[in-house]
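Working notes, structure below.
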Amino acid sequence: MNYWLIKSEPSVFSWKDLLASPEQITFWEGVRNYQARNYLKTMKKGDLCLFYHSNANPLAIAGIAIVAEEATPDPTALDSRSDYFDPKASPENPRWFGVRVKAHREFSPPVLRSELSDTPELFDMLLLQKGSRLSVQPVKKEHYQIILSLWEKEK
DNA sequence: GCCAACGTTGGC
DNA sequence: GCCAACGTTGGC
């Protein structure tokens, strides 16, 4: 099994929005970066994703989602009314993909970015690197476990 | 609101 | 293929 981190701006789609979704599942749409897309394509059912709130207050991991369905073409790329429309995408060559994720566990309280930054063992976590803005990124198992233990400590 | 870092576009 | 210009991301 692999571990990931997926970013979302809560003003666009928050952890609460995921909880409020039918069956607490959503299609992770709108990723328009090739590296992030390639990671989405390698996700397997059952993989766990840290759900991170970017451009938010507080910046934090709000919970864990689980991959419920592996990558399929992102329909918003073909929808001219969508903010995510891509004129270069076509049914024959979808270009962009998404997975379906389901709420797995809520971090309550959330694990703050500042706590991550204060944890020496996480210094090399991709999220914390300067200039890092990949919206779908792999997470090392060790890092995942450290983050879980941060949450266990404060719940 | 600022701005550094990054990815993409397009002229050459 | 190079690289300057531009638009976006996202922490602060």
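Everything numeric in this text was worked out from a predicted model, so none of it was measured. In what follows, every chain begins at residue 1, and chains take the letters A, B, ... in the order their sequences are listed.
Side-chain atoms of A:Phe27 and A:Asp74, non-hydrogen and from C-beta on, do get closer than 4.5 Å to each other.
Distance A:Asn55 CG to B:dC2 C1': 13 Å, rounded to the nearest Å. Protein atom CD of A:Gln35 is 14 Å distant from nucleotide atom C1' of C:dT9, rounded to whole Å. To the nearest angstrom, P of B:dT8 lies 11 Å from CG of A:Leu134. When the C1' atom of B:dA5 is taken as reference, atom CG of A:Leu126 falls 14 Å away, rounded to whole Å. The CG atom of A:Leu112 sits 12 Å away from the P atom of C:dC12 (whole-angstrom rounding). If you measure from atom CZ of A:Arg32 to atom C1' of B:dC6, you get 19 Å, rounded to the nearest angstrom. Atom CG in A:Leu59 sits about 5 Å away from atom P in C:dG11, given to the nearest Å. The nearest whole Å value for the distance from the CZ atom in A:Arg37 to the P atom in B:dG7 is 15 Å.
The closest donor-acceptor contact from the side chain of A:Lys102 to the backbone of A:Glu23 lies under 3.5 Å.
Take A:His104 and apply the side chain to side chain contact (heavy atoms under 4.5 Å, CB included) test, not counting sequence neighbours, and it matches A:Leu48, A:Ile64, A:Ile66.
A sub-4.0 Å separation between OP1 or OP2 of C:dG10 and a side-chain N or O of A:Arg113 is absent. Within the 4.0 Å cut-off from OP1 or OP2 of C:dG11, not a single side-chain nitrogen or oxygen of A:Arg133 is found. In terms of phosphate contacts, A:Lys88 brings a side-chain nitrogen or oxygen within less than 4.0 Å of OP1 or OP2 of B:dT9. Residue A:Tyr52 has no polar side-chain atom (N or O) positioned under 4.0 Å from OP1 or OP2 of C:dT9.
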Show the numbers, then the answer: is there a side chain to side chain contact (heavy atoms under 4.5 Å, CB included) between A:Leu5 and A:Met125? CA-CA 11 Å; A:Leu5 181 143; A:Met125 194 182 172; 3.9 Å; yes
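In the set B:dA4, C:dG10, B:dG7, B:dA4 carries the atom at the smallest distance from any side-chain atom of A:Lys130.
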